[in-house]
Amino acid sequence: MRSLPEDPIIRELVAQARASILTRRTILSGAAAGSAALALAACSPLGSTKTLSPAKDHSATVKSLTWANWPLYLDQADDKSYPTLAAFEKQTGLKVKYDIAVEDNDTYYAKVKDQLALGQDIGADTVCLTDWMVSRWITLGYTQKLDHANIPNIKNLSASLKNPDFDPGRNHSVPWQSGFAGLCWNKEKLPGGLKQVSDLWAPELKGKVGALSEMRDTIGLIMLEQGVDISGKAWGDKEFTAAIDELRKHVDDGQIRNIKGNSYADDLKSGDTVAAIVWSGDVEGINADIGSDKFAFALPETGGTLWSDNFLIPIGSKEKANAEKLINYYYEPEVAATVAAYVNYITPVEGAKEAMAKIDKSLVDDQLIFPNEDTLKHAHLFRTLSAAEQNKYNSQFQGVLLGA
Amino acid sequence: MAIAAFAGNATAVDATPRRRSWVALFLLLPGLLYLVLFFIVPLVSLIITSLESQGLDGSFAYGFVVSNYTDSVSTFATQIWRSFGFALIATVIALLFSYPLAYFIGVTARRWPLLQSFMLILVIAPFFISFLLRTLAWKTILSDNGPVVTALQGLSLMGPQGHITGEPIAVVFGLTYNFIPFMCLPLYTTLERLDLRYLEASSDLYASGWATFRKVTIPLSLPGIVSGTLLTFIPAAGDYVNASQDFLGGTSSTMIGNVIQSNFLVQQNYPAAAALSIVLMFVILVIVSVYVRRSGTEDLL
């Protein structure tokens, strides 16, 4: 720094000017430090390739666990309590927090993925997610390996679900419920019913058709009608794009009114839609809500999709053994039958059908809970997509939803 | 003598605002920290995100990918134009609806304070109920089996397959309805202070009612018009609730807010979502500054 001039007034002025430069500089450097810290903070969750290790299990001392699940997915009494869960708590002395946190696979994943990537607790010791999302978690190492010794009832798991391609041997995931995506219609407005997906494109249904925002279900049904074997590895971009084009055509010309998740039930009830692609178990729920047998469900002749939601234990959970006890409990045939009688989805537990005979005989032959061979022939699993395919197809599908 | 003069000067320098501003700066500190933490930091982070590159497996890496902007803007150009179009229509309708209302409450009803406060309560009361619930209620009212569609179909003003929800008209209606209080209240506060003697003077000078309105009332209430339209237009352009398919929208009425939501939460395409957010912010900033400058009310900001 140059020495200050002699004259005191000028000396004072120069000193002040320097001081102001200094403050400006301090501010700038402060901002730089701030943004550097920010960049560092933003860095960490990205691109980390280190392998995650499961959290230490505290189950022996902490007698509680949290279970994150979808809405309307567990038997519930009139007073809002969950009878089977209460029985489990009484039997084991564990305190279970049942958290209805999963609105759909993508949004739930978006909420917890940063903690998962760091191997931290996501506030749930077990979560039920759909096959393809479970597959993503397993690939990324976000799940803990299950100890089958703690889940002896896993022997009751239905044979067809024992070795899915994303988790052979079920070492990381166990099915909770399965279900179909198929067609639902308003019997008053459409006495003839629906037989196949193309019946939805009838001119008299213009603007009254709903579809699911779950890509694999809506596109799966359309692909099946176009003669594609959605379970096989043989199909690719060409087949998928053909189905997307079909969907886009009906969205653009106003045939399809809405494409959404669980809230499609409101549209059916209010009459905004008369026919829709829906999930099997929900139709009973809608009929129960309106107190009449107004809506019917069927698998299209060309086939519907079959999916499962699976228990998994996130990498950061400290109550793994407790969660395994819970899974084991829900694989008791009697418990599984009680849940199935309420939620109306397919139970993966062998022996539940026999147990159901004691609870409600009329449900034993319900094809939506205990499908027979004939029904299952019409239901297909959507093959596992690679991450690149998932990205590409999902953005095409979302493009149709957004009208772009 | 000279020294004494300098000494005096030195104390004068001591007392400059800069010295005293340390206290002011200290008092400002919480506000500044808040601004840095909750505005500057997220903004920088958003800009960094918007330039990231995406790998095939869905992971992101730092980069300088300007095509995030060009790609997302060209893919969603319709939705961007539509958002500003919807927001503009909703703002104009809200203004046309709110001005007479605010005039009535603020000027005509001045003689009856009880009526004035009662009407103000009517304008504000809907705020006591959640905005989501009110929009859902409209969805039910406008649904195909609801009173509006049934009546219109009964009068043959609408075809048997016609519907309102999911169409642009429902979204514009929802936007207008939800933002009317934001338009009405600023208009009311300026009109409430309107000096009626100006209006008298204007008619004393043989101005017609229309001329008085145009040359006196409107210019005097301009600050209210400007702040009301800004308070309506800005949130309406970025709104994603009304146009969401769960509420009043459909695939043909998607707005930019829904595109951003879908990119952030469903597709997890963070760079595209961040780029679109920045574009939205920038366009609004430009529109607002041009608007404020042209209407000559810079002091407002």
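This one's a predicted model, so the numbers in the text were calculated from it and none came from an experiment. No hydrogens, no waters, no symmetry mates; every other heavy atom, side chains included, goes into these values. Letters A, B, ... mirror the listed sequences (proteins, then strands); counts begin at 1.
Both the backbone and the side chain of A:Glu204 come within contact range of chain B, with heavy atoms under 4.5 Å apart. Using a 4.5 Å cut-off between heavy atoms, B:Thr78 makes no contact with chain A at all. Contact annotation for A:Ser263: only side-chain heavy atoms (C-beta onward) come within less than 4.5 Å of a heavy atom of chain B. In this structure, chain B has a heavy atom under 4.5 Å from the side chain of A:Arg136, while its backbone stays farther away. Using a 4.5 Å cut-off between heavy atoms, A:Lys208 touches chain B through its side chain atoms alone.
Top candidate by heavy-atom pairs under 4.5 Å with chain A, chosen from B:Leu265, B:Leu136, B:Thr49, B:Asn269, is B:Leu265. Of all the listed residues (B:Val259, B:Thr75, B:Thr165), the one sharing the greatest number of non-hydrogen pairs under 4.5 Å with chain A is B:Thr165.
Between A:Phe240 and A:Tyr393, the two ring planes are parallel [angle under 30°; tilted spans 30° to 60°].
Annotation: residues 241-257 of chain B contacts chain A through B:Gln245, B:Asp246, B:Gly249, B:Gly250, B:Thr251, B:Thr254 [non-hydrogen atoms, separation under 4.5 Å].
Scanning for ring-ring contact (aromatic ring centres under 6.0 Å, His included) contacts around B:Trp81 gives an empty result, with sequence neighbours left out. Every side-chain contact (heavy atoms from CB on, under 4.5 Å) that A:Ser213 has, sequence neighbours left out, goes to A:Ile259, A:Leu401.
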Between A:Arg257 and B:Asp144, is the salt bridge (Lys or Arg N to Asp or Glu O under 4.0 Å) condition met? List the steps. CA-CA 12 Å; A:Arg257 172 78 158 269; B:Asp144 291 16; 2.8 Å; yes
Can you list the steps and then say if A:Arg383 with A:Glu389 is a salt bridge (Lys or Arg N to Asp or Glu O under 4.0 Å)? CA-CA 11 Å; A:Arg383 81 161 160 89; A:Glu389 282 173 325; 3.1 Å; yes
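With 3.5 Å as the limit, one finds no donor-acceptor pair spanning the side chains of B:Asn68 and B:Ser50. No hydrogens or angles considered: a donor-acceptor pair under 3.5 Å links the side chains of A:Trp201 and A:Glu246. Judged purely by distance below 3.5 Å, without hydrogens or angles, the side chains of A:Thr107 and A:Asp104 pair a donor atom with an acceptor atom.
A salt bridge (charged side-chain N to carboxylate O under 4.0 Å, His left out) check over residues 391-404 of chain A, counting only residues at least two apart or in different chains, returns the pairs A:Asp237-A:Lys392.
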